[in-house]
Student: 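Got a structure for you, questions after.
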Amino acid sequence: MQNYDNLIGGKWVAEAEAMPNINPSNTNDILGNYARGDAASVDAAVEAARAALPGWAGATPQLRHDVLEATGATIMARKDELGRLLSREEGKTLAEGIGEVTRAAQLFKFFAGEALRLGGEVLPSVRPGVEVMIEREPVGVVGLITPWNFPIAIPAWKAAPALAYGNCVILKPAELTPGCAWEIANILKESGCPDGVFNLVMGSGRTVGAQMVAHPGIDAISFTGSVATGRQIAVQCAENGKKVQLEMGGKNPMVVLDDADLDVAVGASLNGAFFSTGQRCTASSRLIVTAGIHDAFVEKLSAEVAKLKVGDALDPETQIGPVVDERQLQQNLSYVDLARSEGCEVIGGEAMDGQGFFQRPALFVHATNDMRSSREEIFGPCASVIRVADYDEALAVANDTEFGLSAGICTTSLKHASHFRRHIQAGMVMVNLPTAGVDYHVPFGGRKGSSYGAKEQGTYAREFYTQIKTSYIAP
Ligand SMILES: NC(=O)C1=CN([C@@H]2O[C@H](COP(=O)(O)OP(=O)(O)OC[C@H]3O[C@@H](n4cnc5c(N)ncnc54)[C@H](OP(=O)(O)O)[C@@H]3O)[C@@H](O)[C@H]2O)C=CC1
Ligand SMILES: O=C(O)CCC(=O)C(=O)O
C-alpha cells in the first residue's frame with residue numbers, strides 16, 4: 001500500500017498518522033494511505049509559505065504563468081488516469097471524473113493567462129499635479145479548505161487564482177478525498193512551483209482546518225463545504241481580521257412552467273437533480289412545477305429516473321455512482337424517511353446491495369415548500385417535486401429559501417424567462433439548462449445563506465486573491 005505524504009516547504013513530509021482512502025464503489029479497494037497532519041504541520045507550512053512569499057509575490061508574471069500553464073498541460077495530458085483516480089476516491093462516474101479533471105486543467109490554463117493580465121488603473125487626482133494609481137497586490141498566505149464532492153476542480157479553482165496573483169498557498173483537502181489534491185501538489189512541484197509556494201496539509205478539519213483558521217500567519221481563508229462549518233469559520237476569521245470567502249449549501253429551485261418543452265424540462269431536471277449522485281451544491285433539489293404540466297412531468301421524469309443505472313463508478317454503463325460514504329448514505333436515507341413521514345409519495349430512494357454505498361435516486365412527489373425535506377440541503381440523489389398554480393407562485397416558492405446559489409427555469413416564454421432572471425434571488429440562473437454544471441471562466445457563487453464574500457472563478461476571482469493599494473504621487 002503506497003503512502004502519500006504532505007508537501008511542506010517543497011519537501012514530502014511523513015506524518016505520525018495516515019488515513020486509508022477508500023473507494024465508495026468498493027470498500028475493499030483502498031487507494032493508499034494519506035498523511036494526517038496536525039496543528040504542528042500547519043505551523044510548519046505557514047513558516048514555509050511566509051518564507052516563500054516575498055519571492056513569489058515579486059516573481060515575474062511570466063514565471064507564474066509558466067508554472068500554471070505547465071500544471072494545466074500535465075493535468076490535461078493525464079486526464080484519463082486522474083479521472084479514474086477521482087472516480088475511485090469520490091464515486092463520480094468515469095465520464096464525470098474525466099470531465100472534472102479536464103475542468104481543473106482548463107482552470108490552471110485560464111489563470112496562467114490571468115497572471116499576465118493583472119493590471120491597475122491610473123486616474124487624475126482632484127488635486128492639481130497629482131496622479132492616483134490603483135494597484136492590486138497579493139493578499140499573502142492563503143488557506144484553502146475544500147470539500148470532497150469536487151476533489152480536483154475546487155482545489156484548482158482556488159489554488160490557480162491564488163498562485164496567479166502572487167499568493168502562497170496552504171491547501172487542506174477533505175479527508176475523504178485527498179488523492180486528487182495530492183496529485184495537484186505533485187504536478188505543481190514538478191512544474192517548477194518554488195518550494196513553499198504551494199503546501200499541502202492533509203488531515204482533519206477539526207485539527208488542520210481549525211489551526212489554519214486560527215493561525216495568525218494565514219491572511220485569508222477560502223472555504224467550500226457545509227453551512228455549519230462555513231459560518232463558524234467566518235466568525236473566527238472576523239475575530240482574527242482574516243479575509244474570508246465561503247461557498248456553502250444550496251436548495252436550488254428548478255421551475256418548470258406549463259409552456260416548457262417537456263423533454264428539455266425532464267432532461268435538465270434529471271441531470272441537475274441526480275447526476276454526480278446529487279452531491280453538488282448546485283443540484284436541483286426542488287422541482288417547482290406548474291399545475292398544467294405537473295402530472296406529465298412527474299410521469300416522464302419518474303420513468304427516466306427508474307431507467308438510471310446506479311452502480312460502480314468505473315463501470316462504463318453506470319450513470320449514477322455511489323454516495324460518498326456511509327455517513328452521507330445514512331443522512332440521505334433519513335431524509336427519504338422524513339419526506340415520507342411528511343406526506344410525500346416517495347419514488348425510489350432505497351439503499352442497494354453491494355460492496356459500496358449505493359442508493360436509488362429518489363423523487364419526493366406531492367411535496368410542499370414548508371416541509372423540512374424541501375428546505376434542508378440533503379446532498380444526495382433526492383429531489384422534491386412541488387406543485388404550484390402558476391408562474392407567480394413558482395417564483396415566490398423558488399425564492400422562499402435561506403439559500404441562493406443556483407436557480408433554473410424551463411419555459412418557452414421569453415417574458416417569463418427574463419422576469420425570472422431578474423427576480424430570482426440566486427447568484428447563478430439557468431434557462432432551459434440544469435442548475436448544476438458551470439463554465440470555468442465566469443463568476444461562480446451565490447447569495448443569501450449560500451455564499452459569503454467575493455465570487456470565485458473567472459477574472460472576478462481577483463477580488464478575493466488580491467488587495468488594492470491606492471497611491472497618490474506628486475512629481
Ligand atoms: N456546498 C458544498 O459544496 C458542500 C456541502 N457539503 C454539505 O456538508 C455536509 C457535511 O459534509 P462535510 O464534508 O462534513 O462538510 P464540512 O463543511 O465539514 O467539510 C468541508 C471542509 O471543511 C473541513 N472542516 C471541517 N470542520 C472544520 C473546522 N472546524 N475548521 C476548519 N475546517 C473544517 C473539512 O475537513 P474534513 O472533512 O477533512 O475533516 C473539509 O475539508 C454534507 O452532507 C453537505 O450537506 C459538503 C461538501 C460540499
Ligand atoms: O455545478 C457545478 O458545476 C459546480 C458545483 C459545485 O461547485 C459544488 O457542488 O460544490
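Start at 1 and go down the list; that is how both ligands and their atoms are numbered.
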Student: Hey, does Trp157 sit under 4.0 Å from ligand 2 if you only count heavy atoms?
Tutor: yes
Student: Taking N or O atoms only and a 3.5 Å limit, does Ile233 qualify as a polar contact for ligand 1?
Tutor: no
Student: Picking from Val255, Asn369, Val385, Asn252, what satisfies side chain to side chain contact (heavy atoms under 4.5 Å, CB included) with Arg286?
Tutor: Asn369
Student: As an exercise, identify every atom of ligand 2 less than 4.0 angstrom from a heavy atom of Arg280.
Tutor: 9 (O)
Student: Does only the side chain of Gln279 get under 4.0 Å from ligand 1, or the backbone, or both, or neither? Count heavy atoms.
Tutor: neither
Student: May I ask you to check whether Glu247 has an N/O atom sitting below 3.5 Å from an N/O atom of ligand 1?
Tutor: no
Student: Below the 3.5 angstrom mark, is there an N/O of Leu176, backbone or side chain, next to an N/O of ligand 1?
Tutor: no
Student: How does Gln328 reach ligand 1, if at all, at less than 4.0 Å between non-hydrogen atoms: by side chain, backbone, both, or neither?
Tutor: side chain
Student: Within the structure, does Ser226 bring an N/O atom to less than 3.5 angstrom of an N/O atom in ligand 1?
Tutor: yes
Student: Salt bridge (charged side-chain N to carboxylate O under 4.0 Å, His left out) with Glu81: which of Lys79, Arg78, Arg84?
Tutor: Arg78
Student: Under 4.0 Å, heavy atoms only, figure out whether ligand 2 is touched by the backbone of Phe379, its side chain, both or neither.
Tutor: neither
Student: What's the shortest distance from atom 38 (O) of ligand 1 to any protein heavy atom, and which residue and atom give it?
Tutor: Glu175 N, 2.6 Å
Student: To check your reading of the model: name the closest protein heavy atom to atom 26 (N) of ligand 1, its residue, and the distance in Å.
Tutor: Thr229 CG2, 3.5 Å
Student: Specify side chain, backbone, both or neither for Met212, according to which of its non-hydrogen atoms lie closer than 4.0 Å to ligand 1.
Tutor: neither
Student: Please report which non-hydrogen protein atom sits nearest to atom 48 (C) of ligand 1, along with the residue it belongs to and the distance in Å to one decimal place.
Tutor: Pro147 CB, 3.3 Å
Student: Show the atoms of ligand 2 that are less than 4.0 angstrom away from any heavy atom in Arg103.
Tutor: 2 (C), 3 (O), 4 (C)
Student: Taking the cut-offs as 6.0 angstrom to the six-membered ring centre and 45 degrees off its axis, would you call Lys109 and Tyr440 a cation-pi pair?
Tutor: no
Student: Test Cys168 against every option in Ile218, Val197, Asp219, Asn199 by the side chain to side chain contact (heavy atoms under 4.5 Å, CB included) rule and name the one that passes.
Tutor: Val197
Student: Are Lys455 and Phe444 in a cation-pi contact, defined as NZ or CZ under 6.0 Å from the six-membered ring centre and within 45° of the axis?
Tutor: no
Student: Report the member of Gly203, Gly209, Ala228, Ala174 with the shortest heavy-atom distance to atom 32 (N) of ligand 1.
Tutor: Gly209
Student: Please determine whether the number of non-hydrogen atoms from other residues, nucleotides or ligands lying under 6.0 Å from atom CZ of Phe110 exceeds 12.
Tutor: yes
Student: Give the residue, atom name and distance (to 0.1 Å) of the protein heavy atom nearest atom 9 (O) of ligand 2.
Tutor: Cys281 N, 2.5 Å
Student: Could you find the nearest protein heavy atom to atom 4 (C) of ligand 1 and give me its residue, atom name and distance?
Tutor: Phe379 CZ, 3.3 Å
Student: Return yes when Ile154 approaches ligand 2 closer than 4.0 angstrom through a heavy atom, no otherwise.
Tutor: yes
Student: Going by the side chain to side chain donor-acceptor pair (under 3.5 Å) test, name the single residue among Asn26, Asp29, Asn21 that passes it with Arg88.
Tutor: Asp29
Student: Would you mind checking which non-hydrogen protein atom is closest to atom 35 (O) of ligand 1, with the distance to 0.1 Å?
Tutor: Lys172 NZ, 3.1 Å
Student: At less than 4.0 angstrom from any non-hydrogen atom of Asn149, what atoms of ligand 1 do you find?
Tutor: 3 (O), 48 (C)
Student: Measure the distances from the heavy atoms of Arg327 to every atom of ligand 1 and state whether one is below 4.0 angstrom.
Tutor: yes
Student: At a 4.0 Å threshold, what atoms of ligand 2 neighbour a non-hydrogen atom of Ala436?
Tutor: 1 (O)
Student: I need the atoms of ligand 2 closer than 4.0 Å to a non-hydrogen atom of Phe150, numbered in the order shown.
Tutor: 4 (C), 5 (C), 6 (C), 8 (C), 9 (O), 10 (O)
Student: Relative to atom 20 (C) of ligand 1, which among Ile145, Thr224, Leu171 owns the nearest non-hydrogen atom?
Tutor: Thr224
Student: For atom 30 (N) of ligand 1, state whether the nearest protein heavy atom is under 4.0 Å away.
Tutor: yes
Student: Return the residue, atom name and 0.1 Å-rounded distance of the protein heavy atom closest to atom 1 (O) of ligand 2.
Tutor: Thr282 OG1, 2.5 Å
Student: Taking heavy atoms and a distance under 4.0 Å, where does Phe150 meet ligand 1: side chain, backbone, both or neither?
Tutor: neither
Student: At what distance, to the nearest 0.5 angstrom, does CD of Glu402 lie from CD of Glu377?
Tutor: 9.5 Å
